[in-house]
Amino acid sequence: MGIDLESLRIFVKVAELGSLTRAGEQLGMPKARVSLRLKALEAELGSQLFQRTTRVVRLTPDGEELLPRARRLAQEAEELGTMFQAARGLRGRVRIDLPVNIACEIILPRLPELLARHPHLEVLIHTTDRRTEPFREGFDIVLRVGAQGDAELVGRKLGVLRMMNYASAAYLRKYGTPQRLEDLDRHFLIHYAPALGADTPTFEYPHEGGYRERPMRSMVTVGSVAAYVAACRAGLGIVQIPRLSARERLHEDTLVEVLPELTCMPMPVSLLHTYGRSVPRRVRVVMNWLTELLVQSLETYKG
């Protein structure tokens, strides 16, 4: 029995995404072909690998047993296929998930340099401030600001991003400039909640070697960093954000730093991938480029 590696690659992608349609889109093939290759693989193995309904594609116990070995074989086959590409240059797609501000302010302006070096490389950049599911959504590389999260992701910590407290000049003229923690009782905090939940807005500050959270009033809750900064510029309250997010606005003198000795905990910045030990060369090259770029551009320090 000879198992087709391309069918294994399709099987892995469908298992990760839970959808024949989405797997076909990422693999560049029609859904009908994906379905035929899966049926052929199941016939070859003599076992049903997926339970299919009109809404859900779910692994069977046999499929769950096959997945880790199939993923390893597919990754090794891809690595073999790229062993001799050094002289010909990189080829293929790399899907990257990035926070919106970092993508717009750091990565995209420098992307032409990478593509000039590797003209046959295709880079797909997804931008969002929400926490994505890299395996299900099909990303190769993920940049995480905050807790790393998924234990299956592998990569490196680039450092930590220093946080600052800001308010608009108009807000401070109306409510005054806080000079100490107790002054915050007279102020408003812009509440950042990606899921727009009902949790209490809090101001985080250092205390006795750790950090505490002080409940505050809020006039508005937002679910993205761009809206967070825009609400601050509109005079709706104080924000706690990375200096990166406010850099351009500071040049315009629209945001003012407040309580500089009471900043919240620095946020770790990690660059991660979804390939375990066997990382395709194209992914390694892009990760190295991102690392060099981010370490130079972000206001980070090791820690």
Side-chain angles (χ1 to χ4, degrees), residues 98-109 127-131 143-147 159-269 294 297-301 303:
L98 297 169
V100 177
N101 276 16
I102 290 178
C104 294
E105 296 186 23
I106 296 178
I107 306 303
L108 289 170
T127 59
T128 183
D129 293 324
R130 69 175 174 84
R131 182 59 61 94
L143 182 70
R144 285 272 166 89
V145 178
V160 290
L161 189 58
R162 291 194 299 124
M163 305 293 286
M164 303 291 173
N165 306 317
Y166 293 103
S168 73
Y171 172 88
L172 296 176
R173 285 194 297 270
K174 182 174 182 179
Y175 294 97
T177 301
Q179 302 296 331
R180 53 181 187 155
L181 189 65
E182 291 73 18
D183 292 344
L184 293 177
D185 290 342
R186 302 191 302 271
H187 285 269
F188 292 92
L189 186 75
I190 297 170
H191 189 202
Y192 178 71
L196 297 181
D199 53 315
T200 302
T202 59
F203 180 93
E204 186 178 278
Y205 63 97
H207 180 79
E208 297 181 353
Y211 290 85
R212 280 189 174 179
E213 294 185 1
R214 185 184 185 90
M216 285 186 64
R217 298 178 297 165
S218 177
M219 291 186 282
V220 61
T221 298
V222 298
S224 74
V225 173
Y228 194 48
V229 175
C232 183
R233 295 180 69 186
L236 293 171
I238 297 170
V239 295
Q240 296 189 291
I241 53 177
R243 182 177 289 275
L244 169 70
S245 300
R247 187 167 57 194
E248 295 304 320
R249 286 83 186 180
L250 284 172
H251 294 330
E252 301 167 5
D253 295 327
T254 59
L255 296 189
V256 179
E257 186 176 0
V258 297
L259 298 174
E261 73 285 359
L262 294 177
T263 58
C264 60
M265 182 183 297
M267 299 186 73
V269 180
L294 290 165
S297 300
L298 290 173
E299 295 186 23
T300 59
Y301 58 91

Do you know which two heavy atoms are closest between [X] and [Y], and how far apart they sit?
| X | Y | answer |
| --- | --- | --- |
| Asp129 | Ala226 | OD2-N, 4.2 Å |
| Gly235 | Ser168 | CA-OG, 3.4 Å |
| Tyr171 | Ala167 | CD2-CB, 3.8 Å |
| Met163 | Pro266 | CG-CA, 4.2 Å |
| Phe188 | Tyr175 | CE1-CE2, 3.7 Å |
| Glu213 | Glu204 | OE2-OE1, 3.8 Å |

Can you find a pair of side-chain heavy atoms, one from [X] and one from [Y], that are under 4.5 Å apart?
| X | Y | answer |
| --- | --- | --- |
| Leu181 | Leu262 | yes |
| Cys232 | Leu255 | yes |
| Leu143 | Leu294 | yes |
| Met216 | His191 | no |
| Leu236 | Ser218 | no |

Fill in: ring-ring contact (aromatic ring centres under 6.0 Å, His included) pairs, two or more places apart, involving residues 200-227
none
Fill in: Aromatic ring pairing Tyr192/Tyr228, orientation class (parallel under 30°, perpendicular over 60°, tilted between)
tilted
Quick check for you: to the nearest 0.5 Å, what is the distance between [X] atom [atom1] and [Y] atom [atom2]?
| X | Y | atom1 | atom2 | answer |
| --- | --- | --- | --- | --- |
| Ile190 | Arg233 | CD1 | CZ | 12.0 Å |
| Asn101 | Ile241 | CG | CD1 | 8.5 Å |
| Cys264 | Asn165 | SG | CG | 6.5 Å |

Worksheet, complete the sentence: Contacts satisfying salt bridge (charged side-chain N to carboxylate O under 4.0 Å, His left out) that involve residues 169-195 (not counting sequence neighbours) are Arg180-Asp183, Asp183-Arg186, Asp185-Arg214
Worksheet item: Take atom CZ in Arg212; do more than 12 heavy atoms of anything else shown fall under 6.0 Å from it?
Response: no
Worksheet item: Taking Tyr166 for the side chain and Val229 for the main chain, is one N or O donor matched with an acceptor at less than 3.5 Å?
Response: no
Fill in: Identified side chain to side chain contact (heavy atoms under 4.5 Å, CB included) counterpart of Leu184 within the set Val258, Leu189, Leu259
Leu259
